[in-house]
Amino acid sequence: IIDSSDQGGAFYSMLRFNMLYDKRDDSFNPRSGYKTKIEAGIATQDLGSDVDLYELSFEQSLIFSLSDNLVWANRGRAHYLRPFGDTTVVPLSKRVFLGGRRSLRGFSRYAVGPRALSGTVVGGDLGVHAKRCSKKKVLLLATTEDLIKFVFPQALGCAMKLQLAL
């Protein structure tokens, strides 16, 4: 528990704006292109929220095809939260955590972030996540030219992972 807003339940009423620009060749199995997402949100007592805070996030993905069955992907994400008004700290339920299959594999969800003196992960107000990895098509089965396809991607490794939760 960081603040009194972490005890019991809190109601969030947030107004969000996001912009997405997607130039990937395929949304589900991209081989080239890029995707950019910018998001901003504000929760305020004027909108009926129990807390006052704003958030900004930016995400960028770049995909390169190295061969017919090998793709290189880069992804970066930054997320920033800031309380204002009567709210002095970002509530625990809104803080930034890392871990899980979408951010930091090998760690359970919400397992990575700043810790309290007791050792409990309490998350942060700022998160930066970057990764680079490759994907290889290892199996393709088709009964007709376009009818049934099974593609099993295999992660070949990651060249860099930098995780900061400040």
Side-chain angles (χ1 to χ4, degrees), residues 1-64 71-135 153 155 158-166:
I1 297 174
I2 298 172
D3 190 49
S4 60
S5 62
D6 295 327
Q7 297 174 346
F11 179 76
Y12 299 98
S13 179
M14 183 170 273
L15 183 63
R16 288 183 184 262
F17 167 78
N18 69 39
M19 203 166 56
L20 176 67
Y21 190 68
D22 192 346
K23 292 298 285 183
R24 296 174 299 168
D25 61 342
D26 186 330
S27 297
F28 295 105
N29 192 21
R31 302 206 33 81
S32 65
Y34 60 94
K35 181 175 86 167
T36 303
K37 183 178 179 182
I38 300 170
E39 190 169 42
I42 185 167
T44 176
Q45 294 176 13
D46 295 335
L47 295 172
S49 181
D50 291 340
V51 298
D52 296 319
L53 64 94
Y54 66 88
E55 65 179 349
L56 302 169
S57 66
F58 176 79
E59 186 173 334
Q60 176 80 51
S61 300
L62 302 168
I63 298 106
F64 305 98
V71 175
W72 185 260
N74 300 307
R75 180 176 179 249
R77 184 171 198 273
H79 195 104
Y80 178 69
L81 297 159
R82 184 78 179 168
F84 67 92
D86 295 336
T87 306
T88 57
V89 296
V90 176
L92 192 59
S93 62
K94 287 292 187 184
R95 295 175 77 78
V96 179
F97 295 88
L98 297 174
R101 64 185 180 137
R102 296 221 44 207
S103 71
L104 186 58
R105 293 180 186 183
F107 291 89
S108 60
R109 193 171 182 197
Y110 307 125
V112 179
R115 295 181 181 272
L117 294 175
S118 65
T120 305
V121 179
V122 294
D125 298 350
L126 171 67
V128 177
H129 173 227
K131 67 180 176 180
R132 295 179 179 176
C133 47
S134 58
K135 185 171 79 168
C158 292
M160 180 185 93
K161 279 192 178 179
L162 172 63
Q163 311 275 340
L164 299 172
L166 305 173

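Sorted by first and then second residue, the pairs that involve residues 41-56 and meet side chain to side chain donor-acceptor pair (under 3.5 Å), not counting sequence neighbours, are Arg16-Glu55, Thr44-Asp52, Glu55-His79. Sorted by first and then second residue, the salt bridge (Lys or Arg N to Asp or Glu O under 4.0 Å) pairs involving residues 78-91 (not counting sequence neighbours) form an empty list.
A distance-only check finds no donor-acceptor pair linking the side chain of Asp25 to the backbone of Pro30 [under 3.5 Å]. Listed for the Ser13 side chain is a donor-acceptor partner under 3.5 Å among the backbone atoms of Leu47.
Shown here are the side-chain contact (heavy atoms from CB on, under 4.5 Å) partners of Tyr34, two or more places apart in sequence or in another chain: Tyr21, Lys23, Thr36, Gln60, Leu62. Every residue two or more places apart in sequence or in another chain that forms a side-chain contact (heavy atoms from CB on, under 4.5 Å) with Asp26 is listed here: Phe28, Asn29.
Scanning all heavy atoms of the two residues, the minimum distance from Thr88 to Pro83 falls at O-CG, 3.6 Å. Contact detail for Arg95 and Val90: the closest heavy-atom pair is NH1-O, 3.2 Å. The heavy-atom pair separating Asp22 from Ser27 by the smallest distance is OD2-OG, 4.2 Å.
Rounding to the nearest 0.5 Å places CH2 of Trp72 at 13.0 Å from CD1 of Ile63. Atom CZ of Phe58 and atom CZ of Arg77 lie 11.5 Å apart (nearest 0.5 Å). Annotation: the span from Asn74 atom CG to Phe64 atom CZ amounts to 6.0 Å, rounded to 0.5 Å.
A 4.5 Å side-chain heavy-atom check between Lys35 and Leu20 finds at least one atom pair inside the cut-off. The shortest distance between side-chain heavy atoms of Ile38 and Asn18 does not fall below 4.5 Å. Contact annotation: the side chain of Tyr12 approaches that of Lys94 to within less than 4.5 Å [non-hydrogen atoms, C-beta and beyond].
Checked for salt-bridge contact, Lys37 and Glu59 miss the test: no charged N lies under 4.0 Å from a carboxylate O.
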